[in-house]
Amino acid sequence: MAPVPRVRFAPSPTGYLHIGGARTALFNYLYAKRHGGVFILRIEDTDQERSTPESVKAILDGLTWLGIDWDEGPGKEGPVAPYFQTQRLELYKKYADQLIAEGKAYRCYCTREEIDARRAAVEKATGKPGTYKYEGTCRDRKDIPEGRSAVIRFRMPEGEGQVTFNDKVLGPITKQYSDLDDWVMMRADGIPLYNYGCVIDDRTMDITLVGRGQEHVNSTFPQLMLYQAFGWKPPEFAHFPLILGPDREKLSKRKHPEADVMLHKRNGVLAEALSNYVIRLGWSHGNDEVISREQMVEWFDFDHVGTTSGVWSPDKLMWLNQQWLKMLPPAVVAEQLVNFLAARDVQVKAGDPRLERVVMAFRERAKTLQEMADMALKYFQHGVALDEKAATKHLTAESKPLLTQVREQVAALPQWSAAALDEVVKKVSEQAGVGMGKVAQPVRVAATGGTVSPGIGETLELLGREETLHRLDAALARP
RNA sequence: GUCCCCGUCGUCUAGAGGCCCAGGACGCUGGCCUUUCAAGCCGGUAACACGGGUUCGAAUCCCGUCGGGGACACCA
């Protein structure tokens, strides 16, 4: 009987939720849901300088917005709590002591300055960066130098050897011992470093599979050494391809503003669309493009996670967003549109019947809620400014009599509906013996100020009788 | 530089030896529809990095070259 899969997302709270992190979270989440497992959120806040409570909140908010809810983690204390690394310090100490007692780790009294100097010397001598490896100065040190604090280093086994693991995405990957060194597990103040804290937590939280970005494949090896030293069976590993910016470098907060999940929310992207887009970057299910959360849960697997990094494409995100704008129930979209209208000083109460009509009218024209709000703006305002060019072209001496007819007939309409309004335009143009455009365009310009809008009946219906008549009159009154 | 990973249309990808002179999607583009703009529908554009093997047969397997990315901290 296989144990219940337990996976985790372990962000460090040093900023907003990153797109790459969001996808890592989503992959893990889907894997858990798919296999009836548990999705754990662990906060790796051991970087004292950079971790902030605001970042924790930002990450939680981002995940929540995307509909990625955790089974255990902050606010959802479970059997292996706590879920903040800074609250698990005794654990790290306990296991470090054990390793030291067994001679598999040791205290190192070299100061940071000494190490830095030696590294600089080596790199200067070889002329190559990244070639420094800790010499093992304190490996067999017996004395305890006065006035010096000690970090704890892992003791790499001597001699030939290699570490291998079978990645669920990449396949077997191997590293020679000789490429590793005695890395620092814990600082003098008892705060663990990533590779150490990560292993202790994954172990003590009963994680069965570690899914993370490919930037972590190299850190898997020292981590594996630790499992070996403790005699623990390591979890499975799955490394996901990176997401690249337009410059083909790893999407980073520094260089790529689009790395911010919530920026997209602010831009009017739907959570459904963003997660749909992001999951297709690095994973596929045949030719399917528009994928619901339910389908993701049903279909997700590591077999179809790709091995190659993907480039962020705003075009496709926009296309997907519109697909979702059209697929979601109008009421759902309307609810979100309210905020975007409010930001434009249009106060509409959620549930206002006009909202859903706006959504239906503009979801085929807008790619984002942002655009939709811009387009919808003038339908909620009183009166409209006429675009000069459009007015000059369409509000002419020839068109005005037609406009007047339309005005009279719609005023008398018993039912203010798009169909009835369209019928009026049709009738007027037929009677005048002109094409529909000859009537519809002047009406459109009068009603919206410009030449572009949804179907004319739809447009007038949206405006309402009172506002329509007001605008038609205003246009007619124009010299 | 060292180590690790990767290499199918501009981009995201399907493809697990013959179904592929390579399919879908975005983008771009021609047309249809049409009261405008969209949306929709139909069509076009464009790729297996290169060179060697293995095999009756390779985008798919192996090797090399080149190219790209990632990691090389008392960050995560």
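So that the names make sense, note that chain A is the first sequence line, chain B the second, and so on, each numbered from 1.
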What's the gap between [N] and [M] when it is taken at their [atom1] atoms, as a whole Å value?
N: G23(B); M: U45(B); atom1: C1'; answer: 16 Å
N: C4(B); M: G43(B); atom1: C1'; answer: 46 Å
N: U13(B); M: U54(B); atom1: P; answer: 34 Å
N: U35(B); M: G27(B); atom1: C1'; answer: 29 Å
N: C26(B); M: A39(B); atom1: P; answer: 11 Å
N: A73(B); M: G67(B); atom1: C1'; answer: 29 Å
N: G64(B); M: C6(B); atom1: P; answer: 14 Å
N: G10(B); M: A46(B); atom1: C1'; answer: 8 Å

Please work out if [X] contacts a base, only the sugar-phosphate, or nothing of the nucleic acid, heavy-atom cut-off 4.0 Å.
X: Thr14(A); result: nothing
X: His216(A); result: base
X: Arg363(A); result: nothing
X: Val311(A); result: sugar-phosphate
X: Glu44(A); result: sugar-phosphate
X: Thr111(A); result: base
X: Gly455(A); result: base
X: Lys316(A); result: base
X: Asp167(A); result: nothing
X: Thr451(A); result: base
X: Pro454(A); result: base
X: Ser453(A); result: base
X: Glu371(A); result: nothing
X: Leu242(A); result: sugar-phosphate

Taking atom types as modelled, is there a side-chain donor on [X] or [Y] under 3.5 Å from an acceptor on the other?
X: Ser453(A); Y: Thr448(A); value: no
X: Thr220(A); Y: Arg212(A); value: yes
X: Tyr92(A); Y: Asp201(A); value: yes

*Looking at Tyr277(A), does the NZ or CZ of Lys316(A) lie under 6.0 angstrom from its six-membered ring centre and within 45 degrees of the ring axis?*
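No - Lys316(A) does not lie over the ring of Tyr277(A) by the 6.0 Å and 45° rule.
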_Under the rule for side-chain hydrogen bond (donor to acceptor under 3.5 Å, both in side chains), what residues qualify as partners of Thr204(A), not counting sequence neighbours?_
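With neighbours one apart ignored, the set is Arg88(A).
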_Quick check on RNA chain B: between Lys250(A) and Gln322(A), whose nearest nucleotide comes earlier from the 5' end?_
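Closest to the 5' end, via its nearest nucleotide, is Gln322(A).
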*Starting at the 5' end of RNA chain B and moving along, which residue's nearest nucleotide shows up first, Met186(A) or Leu281(A)?*
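Residue closer to the 5' terminus by nearest nucleotide: Leu281(A).
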*chain A footprint on RNA chain B, 5' to 3' - any atom under 4.0 Å from a heavy atom*: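 The protein-touched segment is G1(B) to A76(B).
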*Could you note down all residue pairs passing side chain to side chain donor-acceptor pair (under 3.5 Å) where residues 153-164 of chain A supplies at least one of them, sequence neighbours left out?*
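The answer is Arg139(A)-Glu158(A), Asp140(A)-Arg155(A), Gln162(A)-Gln176(A), Thr164(A)-Thr174(A).
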*Looking only at atom types and distance, does a side-chain atom of Asn267(A) sit under 3.5 Å from a main-chain N or O of Val269(A), one as donor and one as acceptor?*
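Side chain of Asn267(A) to backbone of Val269(A): no pair is present.
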Paired with [N] by Watson-Crick or G-U wobble geometry, both distances under 3.5 Å: which nucleotide is it?
N: A16(B); answer: none
N: C32(B); answer: G40(B)
N: A71(B); answer: U2(B)
N: C21(B); answer: none
N: C9(B); answer: none

*Could you check Trp183(A), Phe221(A), Tyr196(A), Tyr95(A) and say which one makes a ring-ring contact (aromatic ring centres under 6.0 Å, His included) with Phe154(A)?*
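That would be Trp183(A).
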*Could Lys94(A) and Asp97(A) be called an ion pair, given the rule that one side-chain N must be under 4.0 Å from one carboxylate O?*
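No, this pair does not count.
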